[in-house]
Structure formats: structure tokens, C-alpha cells
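Comments concern the structure below.
Counting starts at 1 for both ligands and their atoms, in listed order. Residue numbers run from 1 in the order of the sequence given. Please read these numbers as outputs of a predicted model, since none were measured by experiment. Basis for what follows: all heavy atoms, side chains included, without hydrogens, waters or symmetry-related copies.
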Amino acid sequence: MNITEKLIASHLPVGEPPAGKRLPGEDIALRIDQTLTQDATGTMAYLGFEAMGVPRVKTELSVAYIDHNTLQSGFENADDHRFIRSCARKRGVRFSRPGNGICHQVHLERFGKPGKTLIGSDSHTPTGGGIGMLAMGAGGLDVAVAMGGGAYHIPMPKVTLVRLTGRLRPWVSAKDVILEVLRRLSVKGGVGRVIEYGGEGVSSLSVPERATITNMGAELGATASVFPSDEITKAFLEAQGRGGDWIPLAADPGAAYDARLDIDLGALEPLAACPHSPDNVKPVREIAGLPVDQVCIGSCTNSSLLDMLKVAAVLRGKTVCPAVSLAIAPGSKQVLTMLARSGALADMIAAGARLLESACGPCIGMGQSPQSAGVSLRTFNRNFEGRSGTADGQVYLVSPETAAASALTGVFTDPRDLGPAPAISPPPRFLADDNMIELPAPESEADGVEIAYGPNIKPFPRSEPLPETLEARAVLKVGDNITTDHIMPAGAKILPYRSNIPYLSRFCFAQCDPDFAAHCRAAGRGVVLGGANYGQGSSREHAALVPLYLGVRAVVAKSFARIHAANLVNAGILPCTFADPADYDRIGSGDELAFPGIRAALRAGGAVTLHNRGRNESYVLDCALSPRQRDILAAGGLLDYTRERS
Ligand code: MIC
Ligand code: SF4
């Protein structure tokens with residue numbers, strides 16, 4: 001078996017056939033050992049959990065992180081933090097306080113365990129694959145179900161082996177490895193797949209480097225990415241004071257894979273993902289010389305101690321170019337404290353870096369938006385149009401080495417031009433102090449903990465069971481690779497309202513159609529028409545709940561990204577694909593549509609008919625839904641489905 005099959009086989013509910021017997025795409029139910037939430041999706045997850053009525057979480061470990069909404073420009077964020085903290089205390093969840101760091105970085109440092117399953121209400125949860133976990137992003141409701149002891153359902157993935165040979169050359173780093181994978185496979189290339197790393201090159205990569213690679217597997221659309229758990233993993237866990245959490249995990253000799261990609265680490269060079277997609281990758285030397293306005297270093301992709309030490313070494317004794325604003329957000333309290341103690345932080349500050357707190361910050365548009373049409377080099381994972389908060393900002397994704405070099409020169413710089421690379425090695429021991437992780441109240445005292453709802457926390461929008469025939473108007477038609485940032489933007493002005501769906505609805509699809517909400521209101525019931533890979537990017541279920549609130553009952557697309565398709569079903573919105581993609585061209589925004597006999601068709605498990613009244617034409621749609629998902633839609637969403645069964 002390969003590693004993925006081993007992880008799946010050991011987490012199938014008892015009595016289920018082994019993973020090898022499953023066909024790709026077939027629904028599988030996985031036992032979930034650990035969950036994580038972050039605050040921007042966490043309020044919905046805990047509102048869902050409260051609605052389910054389960055008194056205490058049933059996982060081995062559940063952690064609630066506060067890392068996304070930390071600007072606190074009004075009462076809203078602080079209210080959300082208080083709500084999440086109260087849920088965590090009452091329901092048996094550990095609470096990582098604001099300031100403790102970015103969820104994926106902290107989870108890797110303090111909680112991730114090889115061989116375990118993890119789901120998180122954040123699309124970059126696959127970061128945990130760097131330590132040998134089967135770690136997946138999910139919607140908040142799915143995380144709530146898993147916290148309650150329920151299984152997590154995914155389509156059985158295909159497995160792609162990325163076989164690494166050789167060693168990275170100086171100044172080339174893990175970011176360049178994943179950018180190369182993105183260049184070759186594209187943002188759709190991982191859909192329905194787990195990306196498994198193997199080959200002799202693996203042993204030259206440290207855990208934080210592996211985590212950079214698995215983190216950005218999310219940008220491939222992959223279900224998860226996973227590395228073996230080996231001596232390097234063991235050394236990392238030991239250095240975190242968690243040697244006892246280690247188990248070995250490797251593919252069996254001769255294990256089979258559905259596809260293979262070979263990468264010679266020694267042949268890689270510094271790369272950059274150019275605006276506005278993580279797969280628009282070019283060698284840095286081709287862009288060298290382009291003036292740079294801003295550099296941001298951090299995010300869950302590149303904020304480890306190793307990354308920060310490299311950056312500090314490049315900056316030491318120099319001054320950031322006057323035309324450049326350099327912002328640095330170390331990934332966790334552990335990283336920041338160790339930087340401070342080692343003196344490396346002083347090197348950064350002395351060079352002119354603007355220090356940000358250990359949180360997502362600019363990555364999700366919470367501050368540090370670049371100037372008009374500004375060129376911003378970021379060590380982050382997403383450069384979707386407008387995500388930085390500046391509509392015409394030009395965001396490039398690069399390694400910490402390229403970022404630091406360019407901050408000094410003021411132009412896009414291949415770090416190899418700086419001369420010999422500084423030698424940085426991981427510390428033998430990390431400073432492990434979990435004093436910013438609050439333990440839940442003991443079960444005997446949980447009854448006394450009040451859940452603190454603030455005025456910004458509005459109830460969950462509710463769907464209704466699907467009617468026999470659904471009649472609705474096409475309210476919007478969009479092209480390929482529409483992201484959840486298009487559907488439900490984030491950023492400093494909107495993110496504080498993640499618990500307030502009515503307020504958020506004003507901004508739904510704002511970039512594609514500023515009148516989207518008005519069109520929905522006029523239509524009553526709406527259908528969105530999408531191209532390929534609809535809903536790629538984040539796990540935010542707001543991209544389903546807000547359209548639901550506006551009356552969207554179905555999305556018909558050429559294909560879907562996995563997490564968003566699941567979120568639509570959980571919200572009670574029907575996701576279908578065109579059996580003949582050419583039919584996409586035969587429907588337009590404003591067309592009156594009908595899905596005759598949709599309820600019966602879903603029950604029967606077959607294809608669905610879409611009737612276009614204006615043209616008097618019918619099209620065949622595929623609904624690649626599991627029997628469980630069909631039942632969820634019939635019930636009007638996951639909450640009602642779960643309630644019906646409890
Ligand atoms: C992101 O990187 O887009 C986010 C913000 O972390 C999202 C979650 C969210 O929208 O709250 C994600 O990746 O899932
Ligand atoms: Fe936070 Fe950015 Fe990572 Fe999302 S991608 S979890 S916003 S650091």
C-alpha cells in the first residue's frame with residue numbers, strides 16, 4: 001500500500017472494506033482523530049456544533065485557533081473570539097489565544113501526529129501532511145460533525161506520487177518545489193487526488209520545508225498532500241519535546257500509484273507565481289529587475305523558524321530599499337520568541353522590517369494592502385485578484401529567500417545573485433511553552449460555562465428541502481477557476497462580519513457583478529452558472545451560506561473544487577455539472593430555468609434534467625453525489641439531516 005491507502009485503511013469505520021477495494025470517486029467515511037478551527041470559519045462551526053446538541057467533543061483532540069480576524073477595528077472580532085472561547089471551554093476544545101500564532105504552524109509544532117487524521121475548517125489544513133498526517137480542509141459544518149464523533153466523507157482519492165530526487169541547491173527552497181508542482185499540474189491538477197511525496201530526495205527536506213509543500217497542495221485543489229514519517233519527522237518531534245508522538249510511516253516497496261511526477265530537486269531554481277494565480281509560475285530570473293513596492297513574509301506557508309532565520313540572515317546589517325515596505329509576520333509565538341532570543345529579530349527590525357503579529361494578516365487582506373497597482377512579493381500561497389485588498393494589486397508568490405533579497409534591492413531579485421547562501425540549520429530543541437493554549441473546563445464544570453453570543457453573531461441561514469420541481473432564474477454566469485474569494489470576499493472591511501450572513505450578503509460576488517444581491521432578490525430563487533473548477537480556494541462555507549441566504553438553490557458548472565461542492569451540499573444547494581460542457585454556452589444570465597422532477601431524480605440517483613424555458617431546450621446534468629449527499633439535499637442541508645438522524 002502507499003501511505004495514503006494506509007492512512008485511509010486505518011481510519012475506515014470498523015467492518016468497511018479496505019481502501020484498496022474502493023474505486024476512485026466512491027464515497028468513503030473516515031474516522032477523524034483531530035480537528036482544528038480558526039476564528040473566521042470557527043463561529044459557523046461552533047454555531048453548527050451548538051445546533052447539533054452534542055455536549056462534549058468526541059475527538060482525541062480539537063483545537064480552536066484565533067488567527068485570522070485579529071485587527072479588532074470594532075467590537076465584532078473580539079465578540080467572535082469570546083464566543084469561540086466560551087464554546088471551547090464548554091465543549092472540550094483547546095483554545096489557542098490570539099497571539100499564539102497561525103493555526104497550521106502551531107498545530108504542526110504542538111499537536112500534529114503522524115498516522116492520524118485531521119480535518120480543519122481551513123483549506124490549508126493539509127499542512128499537517130508534512131508530518132505524516134492525513135490532513136484535510138473542510139467546511140465548518142463538517143468539522144462540527146467530526147467534533148461530535150461523526151465521520152468525514154470524501155470521494156475516494158486517486159494518489160499521485162511526486163518522486164523527489166537530488167537535493168535543493170543553495171538559495172532554492174521548498175516554496176520553489178511546490179511552485180514547480182503547480183507549474184506542472186495547475187490549480188486543477190490535484191482535484192480528487194492525494195499528492196504523496198516519496199523518493200530519496202525526501203530525506204533532505206526538514207519538516208517545516210515539507211509543510212510548505214503540503215500547505216500549497218491546497219492550491220493544486222488536492223484533497224491532501226502527505227510525506228512519509230521518518231527519522232527527520234522523529235527529530236522534529238523530539239525537538240518539540242514530543243518524541244513520543246512519533247510513529248514511522250512509509251509506502252510499501254513497489255506500492256502502486258495512479259500517476260507519477262518526477263522532480264529533481266537539484267535542477268530547480270527560484271520561481272515565482274505571477275498575478276493572479278498560484279499556477280502562473282515563471283523563473284525569478286525572467287522577472288528580475290521589475291521594481292517592487294512591497295514585500296510580505298509570513299503566512300501558514302512560510303513562517304517557520306527556519307524561514308525566518310534565513311530572512312534575518314539575508315537582512316543582517318543591511319537596510320530595506322527605501323521604495324519597499326517590508327512586513328514580516330512570524331508564524332507562531334514559538335517562532336517569534338525564538339527569533340527574539342536568538343537576536344535574529346533584532347536583525348530584522350534593524351534592517352527596517354515592519355513587524356506584524358503572529359497571525360494571517362495581509363494574507364487574508366487584514367491590513368498591508370499594497371498601493372494602487374503596487375507590485376507585492378509575498379511568501380504566501382494565494383495571489384487571487386483583489387485578495388490583498390487592493391483591486392489592482394500585483395501579487396507574486398515567492399520563497400522567503402527571493403522575498404528578502406528583493407526587499408533589499410527594490411527589484412525582483414534572484415537570491416542567487418547575493419553570493420553564498422547563509423547556512424541555517426534547525427535548532428536541536430524548540431522552545432515549547434503552551435501557556436497560550438487554554439484547556440477546556442473539566443466536564444464536571446462545563447454546565448456552568450455560558451456561551452457568549454455577541455450582537456454580531458446572527459443565526460445560521462436555513463435552507464428548505466428540495467421541491468419536486470425547482471424553478472429558478474440564472475442570476476449569474478461566470479468563467480473558469482472562480483475562487484471562493486470571488487464568491488465571498490474577505491479583507492479588513494468584510495472579514496469582521498463572518499458571523500453575520502445578512503450583512504455579508506451585500507458583498508457576495510461583488511467583483512463579478514456588483515448588483516448580484518439585487519438580482520437574487522428580484523429572482524426569488526436563483527441558479528449560478530459556473531465554468532471549470534468552480535469554488536477553488538478557501539474552505540469558507542460563507543461562499544455557500546451567503547448565496548443560500550440570497551435564494552440560490554443550485555449551481556450548475558463545468559466542474560467543482562471539492563470542499564466548495566461539499567459546502568454547497570451541506571448548505572442544501574444543489575451542485576450539478578453539464579454532461580455536455582458545450583451546453584454551458586447555451587444558457588445565459590437572466591434565463592428562466594427549471595429542474596423538473598428534481599427530488600425524484602435525486603432519490604433515483606440518476607442524471608438530472610435542466611429546462612431552459614426561453615429557448616425551450618433541455619440539457620442533461622450530472623450529479624456526482626453520494627447517496628448520503630442526496631439525502632442531505634432532500635433534507636435541506638446537513639444540519640437538518642443530522643437532526644433527523646439524532
Ligand atoms: C484563506 O486562506 O483563504 C482562508 C482565509 O484561510 C480560508 C478560510 C476562511 O475563509 O476563513 C481558507 O483557506 O479556508
Ligand atoms: Fe491564514 Fe493565509 Fe494561511 Fe489562510 S492561507 S490560513 S489566511 S495564513
*Residue pair His107, Gln34: steps toward the side chain to side chain donor-acceptor pair (under 3.5 Å) verdict*: CA-CA 10 Å; His107 207 85; Gln34 301 188 347; 2.9 Å; yes
*Pull out every atom of ligand 2 sitting under 4.0 Å from any heavy atom of Ile364, numbered as shown with elements.*
7 (S)
*Quick one: look at Thr301 and ligand 2, take heavy-atom pairs under 4.0 Å, and tell me if it's side chain, backbone, both or neither.*
neither
*Element-labelled atoms of ligand 2 that are located less than 4.0 Å from some non-hydrogen atom of Asp122*: 6 (S)
*Short N/O distance, under 3.5 Å, between Asp485 and ligand 1?*
no
*asked:* Can you name the atoms of ligand 2, numbered from 1 with element, that are less than 4.0 Å from a heavy atom of His124?
replied: 5 (S)
_So that I can check it, does any N, O or S atom in Cys300 come closer than 2.8 Å to atom 1 (Fe) of ligand 2?_
no
_Reported CD1-to-OG distance for the pair Ile84 and Ser499, which is rounded to 0.5 angstrom_ = 7.0 Å
_For atom 10 (O) of ligand 1, closest protein heavy-atom neighbour_ = Arg540 NE, 2.6 Å
*Show which atoms of ligand 1 fall inside a sub-4.0 Å distance from at least one heavy-atom site of Ala40.*
11 (O)
_I'd like to check which ligand 1 atoms, numbered from 1 as shown, lie under 4.0 Å from a non-hydrogen atom of Thr41._
9 (C), 11 (O)
_Checking contacts here: is it the side chain or the backbone of Ile364 that comes within 4.0 Å of ligand 1, counting heavy atoms only? Could be both or neither._
side chain
Listed pairs under 3.5 Å, donor-acceptor, residues 95-102 side chains, sequence neighbours left out:
{"from": "Ser96", "atom 1": "OG", "to": "Asn100", "atom 2": "ND2", "distance (Å)": "3.0"}

*Among protein heavy atoms, which lies nearest atom 2 (O) of ligand 1, and at what distance?*
Arg387 NH2, 2.8 Å
*Does at least one non-hydrogen atom of Arg498 fall below 4.0 angstrom from an atom of ligand 1?*
yes
*Under 4.0 Å from a heavy atom of Asn381: give me the atoms of ligand 2 that qualify, with their elements.*
5 (S)
_Within ligand 2, which atoms have a heavy atom of Cys363 less than 4.0 Å away?_
2 (Fe), 5 (S), 7 (S), 8 (S)
*Do Asn215 and His104 have side-chain atoms, one donor and one acceptor, less than 3.5 Å apart?*
no
*Hey, is His68 touching ligand 2 through its side chain, its backbone, both or neither, going by heavy atoms under 4.0 Å?*
side chain
*When rounded to the nearest 0.5 angstrom, what is the spacing between CG in Leu336 and CE in Met308?*
9.5 Å
*atom 13 (O) of ligand 1 - nearest protein heavy atom and its distance*: Ser123 OG, 2.5 Å
*Numbered atoms and elements of ligand 1 in range of Asp122, under 4.0 angstrom, heavy atoms*: 4 (C), 6 (O), 7 (C), 8 (C), 12 (C), 13 (O), 14 (O)
_Parallel, tilted or perpendicular: rings of Tyr396 and Phe412 (30°, 60°)_ = perpendicular
*Would a distance-only check, ignoring hydrogens and angles, find a side-chain to backbone donor-acceptor pair under 3.5 Å from Ser358 to Pro330?*
yes
*Answer with yes or no whether the side chains of Thr43 and Arg498 bring together a donor and an acceptor at under 3.5 Å.*
no
*asked:* Among all the protein's non-hydrogen atoms, which is closest to atom 8 (C) of ligand 1, and how far away is it?
replied: Gln38 NE2, 3.1 Å
_Students should be able to answer this: which protein heavy-atom is nearest to atom 1 (Fe) of ligand 2, and at what distance?_
Cys360 SG, 2.3 Å
_Ligand-side contact atoms (ligand 1) for residue partner Ser539, heavy atom cut-off under 4.0 Å_ = 12 (C), 14 (O)
*asked:* With a 4.0 Å cut-off on N to O distance, would you call Glu50 and Arg91 a salt bridge?
replied: yes
*Indicate whether any N or O donor in one side chain lies under 3.5 Å from an N or O acceptor in the other, for Asp80 and Asn69.*
no
*Atom CD1 of Ile364 and atom CG of Leu71: how far apart are they, to the nearest 0.5 Å?*
11.5 Å
*Tell me: protein heavy atom nearest atom 7 (C) of ligand 1, and distance?*
Ser538 CB, 3.2 Å
_Pairing donors with acceptors under 3.5 angstrom, does anything connect the side chains of Ser121 and Thr37?_
no
_Stepwise side chain to side chain donor-acceptor pair (under 3.5 Å) check, Arg382 with Ser123_ = CA-CA 11 Å; Arg382 291 191 172 138; Ser123 65; 2.7 Å; yes
*Which of the atoms in ligand 1, numbered in the order shown and given with their element, are less than 4.0 Å from a heavy-atom of His68?*
4 (C), 5 (C), 6 (O)
